[in-house]
Structure formats: C-alpha cells, structure tokens
There are 2 protein chains.
Amino acid sequence: METVKLDTLDQKLLTALQTDCRQTTKMLSLKLNLSTTAVHERIKKLEKSGVIAGYVAIVDQVRVDKNFVVFCHIKLQQHKQALLTGFEQAVSLLPEVLECYHVSGDYDYILKIAVRDMEAYRKFLVEKLTTIDYIASTHSIFKINEVKRSHVLAF
Amino acid sequence: METVKLDTLDQKLLTALQTDCRQTTKMLSLKLNLSTTAVHERIKKLEKSGVIAGYVAIVDQVRVDKNFVVFCHIKLQQHKQALLTGFEQAVSLLPEVLECYHVSGDYDYILKIAVRDMEAYRKFLVEKLTTIDYIASTHSIFKINEVKRSHVLAF
DNA sequence: AAAATTAATAGAATATTTTTCTGTTAATTT
DNA sequence: AAATTAACAGAAAAATATTCTATTAATTTT
C-alpha cells in the first residue's frame with residue numbers, strides 16, 4: 001500500500017494545508033462543510049498514513065540573503081553502486097544543497113544550490129563540492145529569475 | 001531593507017521551524033533557552049518582516065501518486081519581454097509545474113514537473129505545455145531517484 | 001435482504017496552546 | 001548619566017486542538 005486512496009474532501013484538505021497549514025480546524029471545517037472533529041480526524045489519518053510528511057515554515061530566500069540559486073549538473077567518472085552512494089551521502093551532508101536528483105540523460109545528477117552570491121558559490125564549488133571523489137565534471141546553470149515555486153501537488 | 005539581520009537565536013528558530021513548524025512555543029523555548037513570550041515575539045517579528053513567508057504541509061509524492069518527476073529544459077523562439085512574460089504566465093497556471101526558473105546557458109527555462117507516470121507526462125507535454133506559444137524546443141530529463149530534498153536554508 | 005460491524009461524523013467537554021497583559025531588565029540613544 | 005527603546009519573563013486570558021460520547025452512514029457478514 002504505497003499509495004493512499006483520497007476522496008474529494010481529503011484532496012481539498014491537502015490542497016488547503018499545502019497552501020497554509022496554520023489554518024484552524026474551524027476555518028477548514030467551514031471550507032469543507034464538515035465539523036471540526038471530522039476535519040481533525042481526517043488530518044490525523046493523513047498524518048498517520050504518511051500522506052502528510054510534515055509541516056514546515058517557508059523562509060524568504062531574499063531576506064536571509066540566500067537568493068543566489070544554481071543548478072549544477074554533475075557527471076561521475078564511473079557508475080558503480082558504491083561510488084554512487086558515496087557521492088550521494090557526501091552531497092546530502094552539504095547544507096547549501098537543497099535538492100539532489102539522480103537523473104537520466106547526458107549527466108548523472110542535478111543539484112539545486114542556494115547561497116549568498118557568486119563568491120559564495122565559487123567557494124562552495126572549490127572547497128566543498130569538487131572535493132568529493134569521482135566527479136568527472138560539473139556544469140553550473142544560474143537562476144536569472146524565479147517564475148514559479150510551489151509546494152502544492154494538485155489533484 | 002531587502003535583507004533582515006538575524007542573530008543566533010533567530011537562526012536557530014528558523015532552522016527549527018523550517019524542519020517542523022508544528023513545534024509548540026514551549027518546545028522551542030526549551031531549545032533556545034528563552035521564555036515562551038520571547039519565542040512568540042521573535043516568531044511574530046520574523047513573520048511581519050517577511051522572513052517567514054508562510055507555513056505549509058509537506059505531502060508525500062509517492063503516496064499521492066505524483067512521483068514521476070521531470071526536469072524540462074525549454075528554449076523560446078525569441079526573447080522579447082512580452083513573449084517571456086506571456087510564457088511565464090502560461091506556465092505558472094499549470095498545476096503540474098511545481099517550479100519554473102529563467103536561467104542562464106543553452107536554454108531559457110528549467111521546469112520541474114510532477115505527475116503520475118510517463119503517460120500522464122506525455123499528455124501534459126502534448127496537451128498543455130507545447131500548446132504554449134513560441135516554444136522553440138523542450139528537452140525532458142527524468143528523475144531516477146531523489147537523493148535529497150530539503151526546505152532548510154542553513155546559516 | 002437483514003443483522004452486525006465498522007467507519008465517519010457532530011456537538012459538547014476538556015486539555016493544550018497561543019496570545020495578550022503587566023512589569024522588569026538590558027541595550028541603545030540622546 | 002538620563003532617557004528611550006527593545007527584549008524578555010511570568011501570569012492571565014483567549015483561542016484552538018483534542019478527547020469523549022453519541023449518532024448516523026456505510027460496509028460486511030450471515
């Protein structure tokens with residue numbers, strides 16, 4: 001049971017909570033035409049089944065001076081299992097790396113990195129990222145503008 | 001005043017809330033060695049200054065059957081202002097598109113898209129994305145594995 | 001199809017948490 | 001050094017979440 005069945009009310013609830021999880025059960029109950037108890041129990045159920053993985057605060061990258069975003073494409077020298085997991089563990093430990101995906105295509109990994117500015121990125125690249133073993137090449141693509149960033153999985 | 005000055009306590013608070021925003025002020029006050037009032041006032045200040053942009057529920061992509069993630073690189077035919085904003089508005093309206101960035105390099109935009117499976121992606125591509133005007137080319141890169149996905153901007 | 005069981009819901013009571021209030025201390029400015 | 005402002009703590013009040021009890025709807029079993 002990897003996936004979970006969701007009725008329309010669950011979907012509405014998830015959309016609402018993905019947009020703003022600080023809404024009171026009262027507010028949600030009005031939106032869904034349910035009692036606060038029903039809303040509460042549905043939320044608890046979604047938490048227990050793992051559909052809701054957690055609740056987080058969204059921080060403005062500009063105000064905390066972390067608005068220099070880079071997509072870094074990485075090729076590895078070899079593709080042995082041990083090597084991949086070694087790379088993946090090392091990358092996961094870097095706080096500047098917000099996201100890392102193993103992908104299909106011309107390169108092996110896509111990383112999303114957020115730092116202060118170009119100089120901070122240079123330091124990160126030279127002193128942290130490229131010290132990881134077996135990287136064949138890196139290719140940096142710089143964010144010019146953020147058009148859309150959403151956390152809402154629609155149904 | 002685009003950026004906001006943050007002391008060590010603010011930074012600790014933000015790290016904690018970016019990890020789990022459902023922690024009670026009591027829990028946070030113990031972690032920061034502060035009173036609940038002090039924690040509360042700091043949070044309100046961070047909200048008002050826009051450092052905290054919001055609070056959202058994180059939904060498990062696997063359980064809601066939206067775990068087919070694609071990075072789509074897009075080139076436009078021209079680069080006139082009106083054309084860019086037209087494209088950006090159209091893309092922003094698509095719920096499958098979680099993220100869209102205008103970027104430097106060989107192509108103009110990077111999109112992150114989450115759908116059910118390859119067939120859903122094909123439909124999205126043919127029926128939605130490529131109906132937008134002035135797209136010169138698209139190039140899809142498929143997620144093989146998610147190594148890291150974090151919402152925590154570290155200090 | 002009827003009875004039994006389970007799941008979902010509502011309203012009220014309780015527990016918890018947030019928010020406000022008052023006063024105090026620390027830091028900054030004049 | 002005095003005055004002002006900002007940050008903080010403890011207690012009180014307000015709001016919210018959670019639990020409890022009962023009812024209804026849906027499903028399963030006989």
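Sequence lines set the chain letters: A, B, ... in the order given, protein chains first and strands last, and positions in each chain run from 1.
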Undergrad: Could I get a table of every N or O pair under 3.5 Å where one atom is in the protein and the other is in nucleotides 13-15 of chain D?
TA:
none

Undergrad: Taking the side chain as every heavy atom from C-beta outward, state whether L17(A) and K12(A) have any pair of such atoms under 4.5 Å apart.
TA: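 SC-SC contact between L17(A) and K12(A) ruled out.
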
Undergrad: Roughly how many Å is it from OH in Y55(B) to P in dT16(D), rounded to a whole number?
TA: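 Nearest whole value for this atom pair: 15 Å.
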
Undergrad: Taking CG from L6(B) and C1' from dA7(D), how many angstroms apart are they, rounded to a whole number?
TA: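 From L6(B) CG to dA7(D) C1': 16 Å.
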
Undergrad: Hey, are E127(A) and R122(A) close enough for a salt bridge, meaning a charged N less than 4.0 Å from a carboxylate O?
TA: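 Not counted as a salt bridge, because no side-chain N and carboxylate O are separated by less than 4.0 Å.
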
Undergrad: With a 4.5 Å cut-off on side-chain heavy atoms, are E119(A) and K123(A) touching?
TA: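 Sidechains of E119(A) and K123(A): in contact.
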
Undergrad: Between H102(A) and D108(A), do the side chains contain an N or O donor and an N or O acceptor separated by less than 3.5 Å?
TA: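 Not at all, the side chains of H102(A) and D108(A) share no donor-acceptor pair under 3.5 Å.
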
Undergrad: Rounded to the Å, how far apart are D10(A) CG and dT9(C) C1'?
TA: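 In whole Å, dT9(C) C1' lies 14 Å from D10(A) CG.
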
Undergrad: Report the distance from atom NZ of K48(A) to atom P of dT18(D), rounded to the nearest whole Å.
TA: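 Result: 10 Å.
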
Undergrad: Do L6(B) and L46(B) come close enough that some side-chain heavy atom pair is under 4.5 Å?
TA: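 Touching, per the 4.5 Å side-chain cut-off.
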
Undergrad: Separation of K5(B) atom NZ from dT28(C) atom P, in whole Å?
TA: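 Computing the K5(B):NZ to dT28(C):P distance gives 11 Å.
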
Undergrad: Between K75(B) and Y134(B), does a side chain to side chain donor-acceptor pair (under 3.5 Å) hold up when you go through it step by step?
TA: CA-CA 9 Å; K75(B) 283 188 212 179; Y134(B) 300 106; over 6 Å; no

Undergrad: Can you check the K26(B) NZ to dT16(C) C1' distance for me, whole Å?
TA: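 Interatomic distance, NZ of K26(B) to C1' of dT16(C): 13 Å.
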
Undergrad: Between dT16(C) atom C1' and M27(B) atom CE, what is the distance in whole Å?
TA: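 Taking atom C1' of dT16(C) as the reference, CE of M27(B) is at 13 Å.
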
Undergrad: With a 4.5 Å cut-off on side-chain heavy atoms, are Y109(A) and H73(A) touching?
TA: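 Of all side-chain heavy-atom pairs linking Y109(A) with H73(A), none is under 4.5 Å.
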
Undergrad: Keeping the roles fixed (side chain from R116(A), backbone from V64(A)), state whether a donor-acceptor pair exists under 3.5 Å.
TA: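 No, the answer is negative, given that no donor and acceptor are paired below the 3.5 Å cut-off.
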
Undergrad: With a 3.5 Å cut-off and sequence neighbours excluded, list the donor-acceptor pairs that the side chains of residues 80-87 of chain A form with protein atoms.
TA:
unit_1: K80(A); atom_1: NZ; unit_2: Q78(A); atom_2: OE1; d: 3.2
unit_1: T85(A); atom_1: OG1; unit_2: Q81(A); atom_2: O; d: 3.2
unit_1: T85(A); atom_1: OG1; unit_2: A82(A); atom_2: O; d: 3.1

Undergrad: Does any residue of residues 39-46 of chain B have a heavy atom under 4.0 Å from DNA chain D, and if so, which ones, in number order?
TA: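 Nucleic-acid contacts, sorted: E41(B), R42(B), K45(B).
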
Undergrad: Does anything in residues 30-38 of chain A reach DNA chain C, meaning a heavy atom under 4.0 Å, and if so which residues?
TA: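 DNA chain C contact set from residues 30-38 of chain A: L34(A), S35(A), T37(A), A38(A).
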
Undergrad: Hey, is R42(B) close enough to D7(B) for a salt bridge, meaning N to O under 4.0 Å?
TA: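 So R42(B) pairs with D7(B) through a salt bridge.
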
Undergrad: Pairing donors with acceptors under 3.5 angstrom, does anything connect the side chains of Y55(B) and Q23(A)?
TA: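 No.
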
Undergrad: Atom CG of D20(B) and atom P of dT17(C): how far apart are they, to the nearest Å?
TA: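 To the nearest whole Å, that distance equals 13 Å.
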
Undergrad: Would you list the pairs meeting side-chain hydrogen bond (donor to acceptor under 3.5 Å, both in side chains) in which at least one residue belongs to residues 135-155 of chain B, sequence neighbours left out?
TA: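 Pairs touching residues 135-155 of chain B that pass the test: N67(B)-K143(B), Y121(B)-S140(B), E146(B)-R149(B).
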
Undergrad: Just report the end-to-end axis angle for the helix from dA1(C)-dT30(D) to dT30(C)-dA1(D), five pairs per end, to 10 degrees.
TA: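 Nearest ten degrees gives 40° for this helix.
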
Undergrad: Determine whether a donor-acceptor pair (N or O, by modelled atom type, separation under 3.5 Å) exists between the side chain of R22(B) and the backbone of V56(A).
TA: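 Absent.
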
